[in-house]
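Report on the structure given below.
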There are 4 protein chains.
Amino acid sequence: MNPGNGIPIYEQICRQVRFAVANGGLVVGEHVPSVRELATRLAVNANTVARAYRDLQAQGVLVPIRGTGLAVALNAVKTCQQNRLEMIRVRLRSVLLEAIQNGVAEDEIRRLFDTEWKSLILNCSPDG
Amino acid sequence: MNPGNGIPIYEQICRQVRFAVANGGLVVGEHVPSVRELATRLAVNANTVARAYRDLQAQGVLVPIRGTGLAVALNAVKTCQQNRLEMIRVRLRSVLLEAIQNGVAEDEIRRLFDTEWKSLILNCSPDG
Amino acid sequence: MNPGNGIPIYEQICRQVRFAVANGGLVVGEHVPSVRELATRLAVNANTVARAYRDLQAQGVLVPIRGTGLAVALNAVKTCQQNRLEMIRVRLRSVLLEAIQNGVAEDEIRRLFDTEWKSLILNCSPDG
Amino acid sequence: MNPGNGIPIYEQICRQVRFAVANGGLVVGEHVPSVRELATRLAVNANTVARAYRDLQAQGVLVPIRGTGLAVALNAVKTCQQNRLEMIRVRLRSVLLEAIQNGVAEDEIRRLFDTEWKSLILNCSPDG
DNA sequence: GTGGTCTAGACCACC
DNA sequence: GTGGTCTAGACCACG
């Protein structure tokens with residue numbers, strides 16, 4: 001979780017689940033981590049995870065399996081794969097819009113992109 | 001203003017003022033628009049503008065001129081120019097981080113960048 | 001079983017057993033189906049059936065026969081016949097209450113009653 | 001609110017709001033009672049009301065008006081009027097289904113309907 | 001003042 | 001064990 005990026009925690013959880021379904025990190029028909037387990041793992045309140053799971057059910061990504069938890073819905077993979085880049089696109093567009101509206105030149109923003117990308121893959125590849 | 005991008009309106013106002021100071025759109029010593037005028041222009045509650053101006057004063061970007069309103073502080077230009085790309089950098093980094101953590105490949109995100117950038121300059125250059 | 005009608009499955013089982021006792025579908029002194037058998041037949045977890053049987057014992061509808069399972073209690077028929085319409089009455093009253101409190105007219109609700117009743121006897125009589 | 005009818009409180013609130021919109025008790029464009037006010041009036045926790053209002057927003061019945069609360073959506077009346085009897089229908093059907101499946105005769109259930117209806121209009125009309 | 005988020009913890013229904 | 005509901009109360013963003 002990345003606090004302070006403006007995205008509520010439950011929403012971040014939703015996004016990560018959708019990414020994981022699209023990536024195959026969460027397999028169709030398999031149970032997702034239980035509310036309590038994921039809450040512990042993310043050091044977050046159980047209700048926050050429950051809220052995320054409830055939203056994901058409403059969106060058809062998760063389906064309840066009575067008494068045993070929640071599982072990835074059969075047709076969730078397709079939807080999540082379609083939305084994978086879309087989720088990033090919306091956020092990226094918002095940043096680029098602010099840059100353009102405030103006179104940031106293309107080479108400036110491209111340089112930012114390159115340096116940040118390099119910096120992040122160095123941090124993420126070892127432990128990712 | 002771009003509602004729904006996760007940034008509070010008063011914060012968006014702060015950022016735009018700082019950008020404008022850095023760009024020369026707002027000149028040192030000049031008065032900024034009054035709270036009421038800017039509120040009307042942005043179709044936003046006056047208290048929201050007041051909140052933004054209060055924050056900008058606390059940050060030393062604006063200074064009160066007795067009885068006549070607020071003006072751009074003398075040393076604000078330097079700070080704002082230094083922060084100009086930094087404000088974009090932080091948001092961009094957050095997006096790239098999510099992309100990397102969720103397995104978005106470099107060519108995918110670069111393609112997103114290119115298409116979104118092109119799409120935005122078409123929309124913004126005429127009316128920008 | 002009718003999931004999603006707000007009544008827990010174990011409670012639905014209890015009700016059906018009481019109805020069956022009242023109807024003569026289950027005869028006094030006769031064994032009821034074993035937990036496992038009924039669970040299989042209803043495609044329900046065995047613990048759920050066990051819970052229903054436990055409640056029915058507590059209510060005096062079923063009595064344990066040493067080593068051989070559960071049977072319908074001697075005085076259960078009278079109680080179940082008395083409760084037969086009562087069980088329906090409570091649920092019906094709750095629906096009518098909501099209708100009245102929210103301005104549903106008598107002819108509207110009567111029309112609903114008629115059409116639903118007709119629709120259901122068509123579906124149920126052949127396979128019931 | 002009617003506890004013990006199997007419908008969660010937040011769901012009952014949703015239903016009552018939809019009924020009120022259909023009936024004209026809540027007018028399009030008008031604010032609904034604030035979360036805190038309704039919570040006090042119903043003697044219920046504020047979060048429970050907030051949950052109901054959140055669901056109603058997701059269903060397009062309510063729309064947020066920044067900083068001033070929630071209002072009935074423009075096109076909510078049509079939907080709510082269409083769903084008015086449907087909400088009752090589903091519950092009624094469930095009761096009738098149980099009656100039919102368990103051998104309740106038509107005249108028995110009609111008699112129940114009549115007596116309960118009369119009993120309820122006596123209770124509700126004076127204070128309604 | 002408004003709604004939204006989050007936490008903490010209790011209780012229930014179900015398996 | 002699972003998720004769902006509800007309560008209580010804190011804090012934030014916005015007007």
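On a predicted model such as this, the values are computed, not experimentally measured, just so you know. Naming convention: chains lettered A, B, ... in sequence-line order (proteins, then strands); numbering from 1 in each chain.
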Next on the checklist: Is the phosphate of E:dC15 approached by A:Thr68 (side-chain N or O, under 4.0 Å from OP1 or OP2)?
Outcome noted: no
Checklist entry - When the distance from CD of D:Glu11 to C1' of F:dC6 is rounded to whole Å, what number comes out? => result 15 Å
Checklist entry - For D:Leu38 and F:dT7, what is the distance between atoms CG and P respectively, to the nearest whole Å? => result 12 Å
Next on the checklist: Students often get this wrong, so: under 4.0 angstrom with heavy atoms, is A:Gln57 touching a base, only sugar-phosphate, or nothing?
Outcome noted: sugar-phosphate
Item to check | Whole-Å distance separating the CG atom of A:Asp55 from the C1' atom of F:dG4 | outcome: 14 Å
Checklist entry - Rounded to the nearest 0.5 Å, how far does CG of D:Asn5 lie from CD of C:Glu98? => result 7.5 Å
Checklist entry - Which part of the nucleic acid does C:Asn45 contact within heavy-atom distance under 4.0 Å: base, sugar-phosphate only, or nothing? => result sugar-phosphate
Item to check | Among C:Arg89, C:Met87, C:Arg91, the one residue meeting side-chain contact (heavy atoms from CB on, under 4.5 Å) with D:Val95 | outcome: C:Arg91
Checklist entry - Base, sugar-phosphate, or nothing for D:Arg36, non-hydrogen atoms under 4.0 angstrom? => result base
Checklist entry - For C:Ala46 and C:Ala39, which heavy atoms make the closest approach, and how far apart are they? => result CA-CB, 3.7 Å
Checklist entry - Base, sugar-phosphate alone, or nothing: which one does A:Ile65 contact when heavy atoms must sit under 4.0 Å apart? => result nothing
Checklist entry - Starting at CG of C:Asn47 and ending at P of E:dC12, how long is that distance when rounded to a whole Å? => result 19 Å
Checklist outcome for this item: Walking DNA chain F from its 5' end, the first of D:Val44 and B:Ala46 to be reached, judged by nearest nucleotide, is D:Val44
Item to check | Separation of atom CD in A:Glu30 from atom P in F:dT2, rounded to whole Å | outcome: 16 Å
Checklist outcome for this item: Output for pair (D:Ile9 CD1, D:Ile7 CD1), nearest 0.5 Å, gives 11.5 Å
Checklist entry - Mapping D:Tyr10 and B:Pro8 onto DNA chain F by nearest heavy atom, which one lands closer to the 5' end? => result D:Tyr10
Checklist entry - Pick the nucleotide of DNA chain E nearest each of D:Pro33 and A:Ala43; which residue has the one closer to the 5' end? => result D:Pro33
Item to check | Atom pair distance, as rounded to whole Å: CG in D:Leu70 and C1' in F:dC14 | outcome: 13 Å
Item to check | Nearest-0.5 Å distance, CZ of residue A:Arg18 to CZ of residue A:Arg15 | outcome: 7.0 Å
Checklist entry - Should D:Arg54 be listed as having a side-chain N or O under 4.0 Å from OP1 or OP2 of E:dG3? => result no
Checklist entry - Which whole-number value in Å describes the distance from A:Ile7 CD1 to F:dC12 C1'? => result 17 Å
Checklist outcome for this item: A:Arg51 atom CZ is separated from F:dT5 atom C1', nearest whole Å, by 15 Å
Item to check | Short side-chain N/O contact to F:dT7 OP1/OP2 from D:Thr48, under 4.0 Å | outcome: yes
Checklist entry - Applying a 3.5 Å limit to both distances, which nucleotide forms a Watson-Crick or G-U wobble pair with E:dA10? => result F:dT5
